[in-house]
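Heads up: the structure comes next, in structure tokens.
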Amino acid sequence: MRHDLTMVNELFVRQSANFLSLIERYQAGKVGLNSLVQKVEDLRLIVDDRSGWGDAVFQVVINLEQINAVAAIVRRELREDEAKFVDQQLRNLELLEN
């Protein structure tokens, strides 16, 4: 049982680093919002979580997907208010990782 817990903790640490790296790549313009949303959701699904962490990340994903969908439908870049909202969601995601 202790070995399983250690493996879960190590997985969480690795995935946490992946989340933070992904956020940095988005902020640097190396990853678009659509890719960011997909990858965050993929990473969230990897971590088997019983602490509520996954649910909190899921809410951030939903918020990001809403902005992404609107921008994709009208085929435009994010407006300033949308970009600020995305930045706030990414800060929320970073706080979840700490």
Side-chain angles (χ1 to χ4, degrees):
M1 180 75 171
R2 185 153 178 85
H3 176 70
D4 290 343
L5 184 59
T6 300
M7 288 178 55
V8 169
N9 287 340
E10 289 174 3
L11 176 64
F12 186 82
V13 168
R14 283 194 308 274
Q15 295 313 318
S16 181
N18 286 339
F19 269 110
L20 296 176
S21 173
L22 184 58
I23 291 169
E24 288 174 3
R25 290 176 37 224
Y26 172 79
Q27 292 170 332
K30 296 179 181 177
V31 174
L33 183 57
N34 190 53
S35 292
L36 173 75
V37 170
Q38 290 173 357
K39 291 176 193 300
V40 168
E41 177 63 7
D42 290 345
L43 291 171
R44 183 188 71 83
L45 293 173
I46 290 172
V47 178
D48 179 22
D49 164 60
R50 293 177 184 92
S51 68
W53 176 87
D55 291 339
V57 171
F58 181 71
Q59 186 57 55
V60 171
V61 168
I62 292 296
N63 292 339
L64 292 173
E65 282 182 339
Q66 290 173 342
I67 295 295
N68 185 51
V70 169
I73 288 169
V74 295
R75 297 180 188 255
R76 63 167 169 74
E77 296 294 318
L78 298 180
R79 295 186 321 241
E80 185 177 343
D81 62 319
E82 293 168 331
K84 286 180 181 180
F85 182 78
V86 168
D87 287 343
Q88 179 60 49
Q89 295 305 302
L90 296 178
R91 280 192 296 278
N92 291 345
L93 195 57
E94 288 173 328
L95 290 173
L96 292 172
E97 295 306 307
N98 294 325

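Keep in mind the model is a prediction, meaning the values are calculated, not measured. These numbers come from the heavy atoms of this one structure, side chains and all, not from hydrogens, waters or symmetry mates.
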[X] to [Y] - nearest heavy-atom pair and separation:
X: V86; Y: Y26; answer: CG1-OH, 3.7 Å
X: L90; Y: I23; answer: O-CD1, 3.9 Å
X: L78; Y: A71; answer: CD2-CB, 3.8 Å

Q | Within residues 62-77 or reaching into it, pairs that qualify as side-chain hydrogen bond (donor to acceptor under 3.5 Å, both in side chains) - sequence neighbours excluded | A | N34-N68, Q59-N63, N63-Q89, R76-E82

Q) Under the side-chain contact (heavy atoms from CB on, under 4.5 Å) test, which residues partner S21, sequence neighbours left out? A) R25

**Q.** Sequence-distant partners of E24, side-chain contact (heavy atoms from CB on, under 4.5 Å), two or more places apart
**A.** none

Q: Check whether any side-chain heavy atom of Q88 lies under 4.5 Å from a side-chain heavy atom of K84, and answer yes or no.
A: no

**Q.** Gap between atom CG of L36 and atom CG of L93 - 0.5 Å precision
**A.** 8.0 Å

Q.
What's the separation between atom CD in E41 and atom CD1 in I62, rounded to the nearest 0.5 Å?
A. 7.5 Å

